[in-house]
Amino acid sequence: MPGYIGKTLRVDLANRRTSVEEMPDEIHRTYLGGRAMAAYLLMKSCGPEVDPLGPNNKLHFLTGPLTGTQLPGSGRNSVAALSPLTGRFGEAQVGGYFGAELKRAGFDHVIVEGRSELPVYLWVHDGNVEIRDARAAWGLNTADAQDAIRAEVGDRFARTALIGPAGERMVRYACVMNDVNHAAGRSGMGAVMGSKNLKGLVVRGHEHVPVARPEVIREIAQKIAQNKALLDQHRKYGTTGVTSGLNASGGLPTRNFQTGHFEAGEALYADAFNETVLVDVDGCYACPLRCKRVVEAESPYAVDRRFGGPEYETIAAFGSNCGVSDLAAICKANELCAASGLDTISTGNVIAFAMECRERELLKKADLSGLDLTFGNAEAMVRAVEMIASREAIGDLLAEGVARMAKRVGAGASAFAMEAGGQELAMHMARQKPAMGLGYAIGPAGADHGLGLHDTAIANDGPGMLPWRELGVLKPMPLTELSANKVRALIYGQCWRTVLDSLSTCIFVPYSRSDLVSLVSAATGWNSSLFELMKVGQRGITLARFFNWRHGFTRNDDRLPERCFEPLPTGAMAGTAVDRQQFDSAIDLYHEMMGWDPATGKPGNGTLMELGLGWTRE
Amino acid sequence: MIEVTVHRHGAGSWEAIPVPPHGWPAGVERVRLPDGTDVAGLLVRLGIDRSLASIVVVNGRICEVSTTLSHGDKVDLVPPVTGGRLLPMEAR
């Protein structure tokens with residue numbers, strides 16, 4: 001079928017066997033690819049008896065029908081497995097070139113199962129696959145490992161998805177790095193890879209990805225490439241542009257989310273960033289946006305440009321949230337995360353949490369292996385990243401993530417353990433954006449800003465509301481309102497976002513909803529519709545929820561840390577808190593709107609049948 | 001006349017928000033306005049659609065567009081930060 005290669009590669013590492021499976025067209029159309037396909041495949045293969053770090057967990061690399069076409073944003077892929085961080089549905093989205101190259105190498109998806117006795121990597125090239133010895137690359141950082149493996153396979157254009165030492169040591173929030181500087185950050189997928197003794201996937205292909213109507217794809221791709229304002233915006237700032245606005249409006253997570261305003265925040269703003277550390281920009285397959293940053297620094301922190309540069313999330317996680325205003329130190333922490341394969345959002349949160357435990361004397365300096373981990377201590381922060389990656393001394397505790405740390409520390413520390421569903425919060429505050437908080441609490445993979453609604457997007461009337469009206473969200477809503485209409489908007493936003501993540505396309509490329517419908521039809525030859533795509537989104541979310549319910553998670557696990565219900569002490573939103581009663585009602589209402597039982601969290605039979613998921617009841 | 005300082009904060013990228021063809025020029029500027037001008041009047045004067053200034057902060061506090069401005073006020077205009085997408089007007 002156009003849009004798909006039609007082949008899934010299955011690799012059994014324990015028995016060193018590989019096989020190729022053909023996926024029925026109906027399954028493609030029902031789940032598209034990426035996240036929804038991950039939910040389908042995990043639901044089929046991964047029951048509650050599976051240990052996330054055991055050989056029976058299955059690691060998926062997934063693309064979608066647009067991947068590898070000439071569209072901007074089509075180089076992405078999804079990585080999914082049972083998460084060792086959350087014990088839930090685990091999934092991470094990532095950019096770069098790997099996704100497109102995988103398809104060109106002859107496969108839509110790769111499923112890895114079992115555990116290899118010795119470290120290995122997969123060399124997938126033009127329909128062939130080899131399980132190769134990775135002992136020489138084991139222990140290397142992602143860039144050195146990429147260099148070594150490319151030299152070994154004799155192809156300097158081979159694309160890689162690798163873990164670093166953090167994944168090898170199964171840090172619970174270790175990530176998978178595509179092409180060294182693009183992170184499949186969330187859910188601890190790098191730890192799953194490490195548990196399998198799998199250093200990485202290396203792919204190279206020359207197959208043309210077939211599409212039904214290439215002229216439609218070409219036309220929309222050109223429209224993006226010709227939008228100068230769009231390109232300038234992304235090239236100049238990437239995501240770093242948002243830091244100042246969030247600080248000015250009181251929504252910049254500061255000192256472990258204690259407040260939303262960082263008094264030294266100006267040092268982190270985009271212009272300062274561009275003047276002091278930025279040396280180049282970078283991008284992804286077929287994309288003219290070039291939103292990725294490349295940074296360099298010398299003394300006191302030597303920062304290697306091979307590892308790219310920090311995004312907004314990373315700047316806030318290691319900056320304001322750790323009370324640090326030294327951009328070079330933040331860039332160093334980012335570099336260490338890319339090199340060792342650590343999720344920057346979780347790592348920054350973990351360090352901020354440890355800093356607050358230290359300030360409250362729940363952890364003493366002696367407990368912290370002598371590290372003076374206090375807010376604002378940039379040097380200690382950078383050192384902590386190294387210790388986490390190597391699980392050295394206190395790094396071994398920090399490597400477990402905020403939720404497990406809070407249990408170990410006790411003494412009420414969970415009240416300021418900034419996680420939801422076992423995953424550390426992203427750098428958007430529920431007290432400024434309550435629907436984002438709701439998304440954190442109810443997200444299939446735990447806190448994930450990709451599946452929350454930025455309340456600011458629908459706070460005012462004007463052209464910004466146009467795409468929402470297409471979904472039936474007709475009126476703007478006040479920023480901190482948590483009404484039935486806001487819950488409805490969150491659900492529609494989540495369904496749409498799940499569509500994008502199932503197509504494995506990028507949210508930064510401004511395809512309108514009608515563009516996307518046209519693109520899916522043009523790639524596959526289907527006569528698709530917004531209705532059909534939104535249903536795929538809802539199906540993906542509901543399947544992931546069912547998966548979590550089967551793993552023992554209920555409505556009672558849909559919660560936010562206590563801190564979110566306390567008024568912000570400073571900043572433009574001082575005095576604002578998430579209203580607990582409104583929040584609880586909104587969670588119940590979300591369940592009812594989605595057709596899930598508000599008492600247990602289980603998707604109802606009618607909903608499952610309507611979404612074509614009757615097979616889950618077997 | 002009064003004079004206020006306006007900080008138009010940068011946008012990373014926005015979720016499906018139409019932006020004017022010239023984009024969203026981030027930066028700081030001083031603006032002279034007639035006495036009694038409110039925030040809505042300031043936005044009209046700057047040619048900024050209300051949905052693009054999703055949060056308005058005057059002197060460090062979030063406020064409504066009906067807020068009357070005074071001489072020396074510091075105004076922060078924050079676009080809808082979403083880590084998402086930006087949609088060209090002409091694409092609609």
Side-chain angles (χ1 to χ4, degrees), chain A residues 223 227-230 232-234 236-251 261 269-271 289 291 311-313 426 428 432 449-450 454 456-468 476 479 493 497 506-513 515 571-574 576, chain B residues 5-28 39-40 43-44 46-67 73-92:
Chain A
K223 190 167 75 177
N227 186 338
K228 190 173 178 307
L230 170 77
D232 288 349
Q233 185 79 50
H234 281 278
K236 187 165 181 196
Y237 292 125
T239 57
T240 68
V242 306
T243 315
S244 74
L246 281 171
N247 201 25
S249 62
H261 179 74
Y269 291 177
D271 289 329
L289 265 58
C291 68
E311 305 268 352
Y312 159 70
E313 296 288 334
H428 303 273
Q432 183 182 57
H449 59 302
H454 292 267
T456 40
I458 53 169
N460 299 293
D461 210 349
M465 281 299 296
L466 285 174
W468 290 94
L479 186 64
R497 179 60 189 264
C506 181
I507 60 161
F508 288 0
V509 188
Y511 302 122
S512 66
R513 305 200 201 285
D515 279 345
M573 299 200 69
T576 311
Chain B
T5 305
V6 180
H7 187 169
R8 218 189 277 213
H9 288 272
S13 18
W14 308 330
E15 177 117 27
I17 299 293
V19 296
H22 59 273
W24 174 267
V28 182
V39 173
L43 294 178
V44 170
L46 295 175
I48 294 173
D49 185 274
R50 178 71 179 99
S51 65
L52 297 181
S54 109
I55 301 181
V56 177
V57 178
V58 177
N59 300 329
R61 294 292 299 173
I62 284 200
C63 71
E64 299 295 326
V65 286
S66 56
T67 303
D73 278 352
K74 180 176 178 292
V75 183
D76 292 284
L77 302 177
V78 183
V81 175
T82 72
R85 48 210 339 237
L86 169 149
L87 188 67
M89 281 284 196
E90 60 270 30
R92 300 303 314 170

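Keep in mind that what you see is a predicted model, and the values were worked out from it rather than measured. First the proteins, then the strands, lettered A, B, ... as listed; each starts at 1.
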Open item on the list: Tell me every residue that passes side-chain contact (heavy atoms from CB on, under 4.5 Å) with A/Asp232, counting only those two or more places apart in sequence or in another chain.
Closed with: A/Lys228

TODO: Using non-hydrogen atoms and a 4.5 Å limit, figure out which bit of A/Ala248 sits close to chain B: side chain, backbone, both or neither.
DONE: both

Open item on the list: So which atom in A/Asn460 and which in B/Ala53 form the shortest heavy-atom distance, rounded to 0.1 Å?
Closed with: ND2-O, 3.7 Å

Task: Gap between atom CD1 of B/Ile62 and atom OG of A/Ser249 - 0.5 Å precision - done: 6.0 Å

Task: Where B/Ser54 and A/Ala459 come nearest, the two heavy atoms and their spacing - done: O-CB, 4.4 Å

Open item on the list: Under 4.5 Å from any heavy atom of chain B, what part of A/Gln432 do you find: side chain, backbone, both or neither?
Closed with: side chain

Task: chain B interface, residue from A/Asn247, A/Leu289, A/Asp461 that has the most non-hydrogen pairs under 4.5 Å - done: A/Asp461

TODO: Name all residues meeting the ring-ring contact (aromatic ring centres under 6.0 Å, His included) criterion together with A/His261; count only those two or more places apart in sequence or in a different chain, and write none if there are none.
DONE: none

Task: Rounded distance [0.5 Å steps], NE2 in B/His7 versus OG in A/Ser244 - done: 4.5 Å

Task: Non-hydrogen atoms of A/Ala574 and B/Arg61 that approach each other most closely - done: CB-NH1, 3.1 Å

